[in-house]
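Okay, structure first, notes after.
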Amino acid sequence: MLKMRLTDFDPGKIASSGQCFRMKEIAYGTHEVIAGSRYLRIGRGCTDGSFIFSCSQKEMDSFWKNYFDFDTDYGEIRRSVDPSDHYLKGAVQAGSGIRILRQDLFETIISFIITQQNNIPRIRGIIERLCMKYGRYIPEEKNRPAYFAFPEAGALAEAGIQDLEEIGLGYRAKYIRKSAQQIEGGEIVLDEIASLGYDEAKKRLLGLYGVGTKVAECICLFARHDADAFPVDVHIRRMLAEHYPDGFPFSRYRGYAGILQQYIFYRELEA
DNA sequence: AGCCAGGAAGTCC
DNA sequence: GGACTTCATGGC
């Protein structure tokens with residue numbers, strides 16, 4: 001157990017912001033996070049705005065701090081927004097507490113292949129069934145329930161198309177199997193993608209079957225933390241047409257437009 | 001019944 | 001390069 005006082009951290013908003021799919025509220029004000037094969041529970045401190053984490057200081061320092069991007073000042077990002085841009089000001093205000101996670105690369109690839117032409121509640125269900133069927137079972141321990149880790153590439157590479165379809169993947173089943181095979185077989189090397197620059201990493205991700213521009217940018221943003229990546233989905237496309245008919249001011253927000261994109265996406269979801 | 005959801009591949013030109 | 005079609009599933 002670890003108590004920390006944090007600003008710009010709202011687990012509820014992060015859980016429902018559509019960047020991760022295995023973070024959820026399990027009791028009022030208490031959230032669980034399953035990231036790869038790790039489990040974390042986050043509770044509220046008493047009244048002082050602090051949080052209780054179910055991990056040690058060592059695990060926080062070695063993993064979760066980086067995962068939640070605790071070293072970045074999101075208040076500064078929100079304050080940098082053009083004061084005359086009322087839409088964007090409203091979006092970062094409504095989304096204060098959102099952070100961009102650094103998620104596992106393979107988990108993010110598979111998860112965002114599933115997101116295409118899909119909706120978030122259904123995506124969450126599919127991913128949960130995928131984990132139950134192909135992920136490692138991690139037994140209960142005191143102070144933590146049993147859960148399933150996210151599947152390894154090998155398990156998905158060997159999965160049958162029909163077995164994958166039973167989970168509800170639909171036409172995406174073949175994408176999942178083939179991409180897992182490309183990774184397992186060494187055609188696409190994730191360690192290399194992790195170490196490259198944004199442009200080259202994105203180019204290689206596009207080599208995965210079922211990964212196009214939008215999904216590649218989501219992977220770069222939510223796993224590699226490429227804050228320049230600005231995935232445009234149907235919500236963002238509608239928003240751009242409505243609020244930025246002359247174009248989004250990317251030059252003003254160079255280096256972190258993707259973070260603003262996430263505030264915007266959350267705003268469009270809630271609206 | 002038809003439309004929509006964090007799109008991409010396939011098939012034209 | 002761009003336009004058009006097809007692809008599964010479930011909620012509304």
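Only heavy atoms go into these numbers, but all of them, side chains included; no hydrogens, no water, no symmetry mates. Below, chains carry the letters A, B, ... as their sequence lines are ordered, and counting in each starts from 1.
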Taking it one step at a time, do Phe250(A) and Tyr244(A) satisfy ring-ring contact (aromatic ring centres under 6.0 Å, His included)? CA-CA 11 Å; Phe250(A) 288 108; Tyr244(A) 300 95; 9.0 Å; no
Should Ile77(A) and Leu260(A) be marked as a side-chain contact (heavy atoms from CB on, under 4.5 Å) after you check the CA-CA gap, both sets of side-chain angles, and the distance that decides it? CA-CA 8 Å; Ile77(A) 291 169; Leu260(A) 299 176; 4.0 Å; yes
Would you please test Glu25(A) and Thr30(A) for side chain to side chain donor-acceptor pair (under 3.5 Å) and show each step? CA-CA 6 Å; Glu25(A) 188 170 45; Thr30(A) 300; over 6 Å; no
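Judged purely by atom type and a 3.5 angstrom limit, Arg78(A) has no side-chain atom pairing as donor or acceptor with the backbone of Ala91(A).
In this structure, NZ of Lys174(A) is placed 9 Å from P of dG10(B), rounded to the nearest angstrom. Computed from coordinates, the Phe265(A) CZ to dG6(B) C1' distance equals 4 Å when rounded to whole Å. Counting to the nearest Å, the C1' atom of dG6(B) and the CD atom of Glu268(A) are 12 Å from each other. Computed from coordinates, the Leu169(A) CG to dC7(C) C1' distance equals 13 Å when rounded to whole Å. Going from atom NZ of Lys178(A) over to atom C1' of dG10(B) covers 14 Å, rounded to whole Å. The distance between atom CZ of Arg124(A) and atom P of dG10(C), rounded to the nearest whole Å, is 18 Å. The interatomic distance linking Ile113(A) (CD1) with dA8(C) (C1') rounds to 16 Å, in whole Å. What separates OH of Tyr171(A) from C1' of dA5(B) is a distance of 10 Å, to the nearest Å.
OP1 or OP2 of dG10(B) sits under 4.0 Å from a side-chain N or O of Tyr209(A). Not one side-chain nitrogen or oxygen of Arg237(A) sits closer than 4.0 Å to the OP1 or OP2 atom of dA5(B).
Map Asn118(A) and Ala216(A) each onto its nearest nucleotide of DNA chain B; the residue landing nearer the 5' end is Asn118(A).
As judged by a 4.0 angstrom heavy-atom cut-off over every strand, Ile219(A) is placed among residues making no nucleic acid contact. At the heavy-atom level, Gly210(A) lies under 4.0 Å from the strands shown only through sugar-phosphate atoms. Here Phe222(A) lies in heavy-atom contact (under 4.0 Å) with a base. In this structure, Ser17(A) reaches the bases: a heavy-atom distance under 4.0 Å links it to at least one base atom across the strands shown. Using a 4.0 Å heavy-atom criterion, one finds that Val232(A) contacts no nucleic acid atom at all.
Screening Ile127(A), Leu156(A), Leu105(A), Ile219(A) for a side-chain contact (heavy atoms from CB on, under 4.5 Å) involving Ile110(A) leaves a single residue, Leu156(A).
dT5(C) sits 14 Å from dC3(B) when the P atoms are compared, rounded to a whole Å. Using P as the reference atom, dT6(C) and dG2(B) are 15 Å apart when rounded to the nearest Å. Here, dA8(C) and dC4(B) have their C1' atoms 14 Å apart, quoted to the whole Å. Using P as the reference atom, dC12(C) and dG6(B) are 14 Å apart when rounded to the nearest Å.
Distances from the side chain of Gln116(A) to the nucleotides dA5(B), dC7(C), dA8(B) place dA8(B) closest. Listed candidates were dA5(B), dA9(B), dA8(C). Nearest to the side chain of Tyr175(A) is dA9(B). For Val234(A), whose side chain is taken as the heavy atoms from C-beta onward, the closest listed nucleotide among dT9(C), dG7(B), dG6(B) is dG7(B).
Ring centers of Phe9(A) and Phe70(A): under 6.0 Å apart, within the cut-off.
At a cut-off of 3.5 angstrom, counting only N and O atoms as typed in the model, there is a donor on one side and an acceptor on the other between the side-chain of Gln262(A) and the base of dG6(B).
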